[in-house]
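Down below is the structure, laid out as C-alpha cells.
Chain A is the first sequence line, chain B the second, and so forth, proteins listed ahead of strands; every chain is numbered from 1.
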There are 2 protein chains.
Amino acid sequence: MDEAEPSAAAPLVGLAAAILAATLDEPRVLTVPVAGQPAGRGEGLPAGPLEPAHPTLERGLRAWVERQTGQSLGYVEQLYTFGDRDRRRDGRDEGGQHALSVAYLALVREARPAADATWQSWYRYFPYEDRRAGRPPALDAVVARLEAWAEEAASPAEGRRRGDRIGLTFGAAGGWNEERVLERYELLFEAGLVPEAGAADSLAGQAMAFDHRRMLATALGRLRGKIKYRPVVFELMPPAFTLGQLQRVVEALSGVLLHKQNFRRLVAQQGLVEETESVTAETGGRPARLMRFRREVLLERPAPGLRLPAGRAG
Amino acid sequence: MDEAEPSAAAPLVGLAAAILAATLDEPRVLTVPVAGQPAGRGEGLPAGPLEPAHPTLERGLRAWVERQTGQSLGYVEQLYTFGDRDRRRDGRDEGGQHALSVAYLALVREARPAADATWQSWYRYFPYEDRRAGRPPALDAVVARLEAWAEEAASPAEGRRRGDRIGLTFGAAGGWNEERVLERYELLFEAGLVPEAGAADSLAGQAMAFDHRRMLATALGRLRGKIKYRPVVFELMPPAFTLGQLQRVVEALSGVLLHKQNFRRLVAQQGLVEETESVTAETGGRPARLMRFRREVLLERPAPGLRLPAGRAG
DNA sequence: CCGAGATATGCTCATAATGAGCATTTACCC
DNA sequence: GGGTAAATGCTCATTATGAGCATATCTCGG
C-alpha cells in the first residue's frame, strides 16, 4: 500500500480510492482491512502503489481496486494528491524520499463486496456529519473539546483564530455548511482529537489507517458539493427509482433533510428525470411512479444539479 | 523540469504553478521560457521536480517559483495531478517509469517579473475564452474545424457524441459556460487542433511546453468557478479599490461582461466590501468611492462569492 | 462658463426562484 | 370501513434576478 519501504530518493506514489455508494438509504464507503496499523486503525481505503505497468493513474487505481475488492468502478474522479510530510506527524523530516498519494472518488451503484472488503456507513467515520435526525448529540462533546483547545492557544490572537474556525466549520456562525467535511476533520486533527493525530479515544468517529480518513473527508465534501451542479447522484441510483428514493439518497449524502414537495418540484423543473410507465408497490402509502435519469439534460443545462437549500425541513 | 530523464522505475514527480494576476483589467499568467521544445512551444509555467529537500509539495512549489521567477506566492491551491501517459501522445507506453506533475493555482496581487519570467494575458493562450467584446471572431473558425472533426468520426454514434460535446462546451446548447475551459481545450486537443497534439498551426491560441496549457486551462476553469462561492477575487485586488475596478477584474477573469448596477447590488448585499473614507480621481467620470474587502464576511456567510449570472450585458 | 462624454450611484419593476404549508389521492393493515 | 403512510397537486409570501431609467460628479474642449 502506500507508506511502503523507500528504495531510492525518487518519490513513491500511491493510489487510493474512496468508493461510495448508497444502499438502503445509507451512504456507504468500501473499506479493506489494513495490517500493521495501531489499534483502532485497521480499516482503510483500497489503495496500492503506482506501478510502471499501469498505463495511467486512473487505470492503475482501477486495477488495484479490482484486485483488492473485486469491485469494478464506473464514475471516477481525481480528488487530491497528498504529500507525506503534510500527512505525517512523526517528525520524519530528515530529507528522505517522499511518499505521495493520489486520492480518487468513485461512485458505484451496486455494493458487491469481495474478499475482506466491506461496506461501511460514512457516518461511522464522521458521526457528527449526519444531521438527518437533527443535531447529532455527539456534536456537543466534540465542540466542547474543540473550544477547550481554542482556549489553550499560545496567544489570544491564535485563540480567536481557532474560535473563528470552529464557528465557521461547526456552525455557530452562518449555519451548518454540509460541504466543509474536510475542514471539520482537519480542525479535529489539529486539535489532536482524532486517533490519527495521537488522541487516545475516538470521540469524533472511527479512525482509519494512514491518512485515509482525510481522503474520505475530501471525497464526501467533494460529492456533497458536486451534487448541486452536476447530476452525479444518478451514478448511485438504480436505472429506475422513485422520487422518494432519490430524495432519501440525496439526504443521506448531504446529511440534511429536505422539504419533500420542493425537492420534487426542483427535480422536475430541472428536467433531471422523466417518468417511466411503471409504478412501485412501496412499503406503505400510495404507489410511486418510477423515474429514470434524463441524460439529455446534460446537453440542455449548463450546470444540471440539485442545488439544495441551505435550510432543512421534514 | 518535468519530463526529465528516467533514473529508475520509481516515478518522477514534477511541480508546476499557474500563477495568476489581474493588472490593467487584463488577466495575466506568469510564464517562463522553456528550452528544448518544438517551435512555438517555448513558453511554459514555472515548474520543477519535487526534491527530497522539500518539506511539502506546496513548499517545494514555492521554492521553485521563487527560484525561477522571483515571485513569492500568497494564495496557493492544488489543482490536479497529471499522469504522463494521459498527457503524452507519442506512444511511449512500453512500461517505463511514470512522470507525474502536480499542478497548482496561485493568485498574486502585484506582477513583479524577474529573470526571464514574463506576464502574459490568459487570452493569448485561449483567445476564444474572452467574450468581453462579444463572441470572438476566432471562434467561428475553431468551431468549424471541430465540426469537421465530428464529421470524420469513425461511426455515426461517435460523430454524434463529438457533436454533442462541441455544442455543450462551445455553447450551441444551453449557452456559454465560462467554467468549461478545460473541456474546451481537451476537445481541441482530441481533435488535433492544437500544436500540443500535433497541429501545424495555432489557430486556437498560443501553445505551451509540455502539457502546461492543459494545466493553465484547469486553473482558469477552477478560478472562474471559485469566484462564485469564495471571495478569491480579492486575492487579486489591491487593498483598496473601486467597485468599477472590481467589476472589470471579475469580467476579465470570467471573460464575460456584467450588468453594472446589478453587480454592485450583489457585492453590496453580500457584504463582501465596505467603504473607506476616500475616493479616487478616476480617469473620466464621477469619482468613485474606494472600498476594501470585508474579511468578516468569511465568518458570516457559508459561501461568500460573486455568483455571476449566466447572461451578459453592457 | 457651457455642453458633451464617462462613470458612479440610486431606484423601480416585472419575472423567476425559493421556502413553507394545505389538501388530495391511493395503497396497505386491522 | 377507519387509520396510517406516502405520493402528488397547488397556493402563497418572500427573495433573488435581470433590465432599465434617472441623477450626480468629474474632466475636457470650446
DNA chain C: P287(A) or P287(B), which has the more 5' nearest nucleotide?
P287(B)
Assess the pair F241(B) and F293(B): is the distance between their ring centroids shorter than 6.0 Å?
no
Provide, to the nearest angstrom, the distance between the CD atom belonging to Q247(B) and the P atom belonging to dT9(C).
12 Å
Does a donor on one side chain sit under 3.5 Å from an acceptor on the other, for Y75(A) and E77(A)?
yes
What is the distance, rounded to the nearest whole Å, between atom CG of L246(B) and atom P of dT9(C)?
12 Å
Round to a whole Å and report the spacing from CZ of F263(A) to P of dA6(D).
16 Å
Please determine whether a side-chain nitrogen or oxygen atom of K260(B) lies at a distance below 4.0 Å from atom OP1 or OP2 of dA8(C).
yes
Value in whole Å for how far the C1' atom of dG9(D) lies from CD of E275(A)
13 Å
Can you tell me the distance, in whole Å, between the CD atom of Q269(B) and the C1' atom of dA16(D)?
7 Å
For salt bridge (Lys or Arg N to Asp or Glu O under 4.0 Å), just list the numbers for R289(A) and E275(A), CA-CA rounded to whole Å, side-chain angles, deciding distance to a tenth of an Å, and then say yes or no.
CA-CA 7 Å; R289(A) 181 158 297 277; E275(A) 300 188 343; 3.6 Å; yes
Atom CZ of R286(A) to atom P of dC28(C): distance rounded to whole Å?
13 Å
It should be established whether R265(A) places a side-chain nitrogen or oxygen under 4.0 Å from OP1 or OP2 of nucleotide dT18(C).
no
Using only side-chain N and O atoms of R289(A), determine if any of them is under 4.0 Å from OP1 or OP2 of dT8(D).
no
To the nearest Å, give me how far apart CZ (R264(A)) and C1' (dG19(C)) are.
17 Å
Rounded to whole Å, CG of N262(A) lies from C1' of dG19(C) at a distance of 6 Å
Under 3.5 Å, is there a donor-acceptor pair between the T280(A) and T242(A) side chains?
no
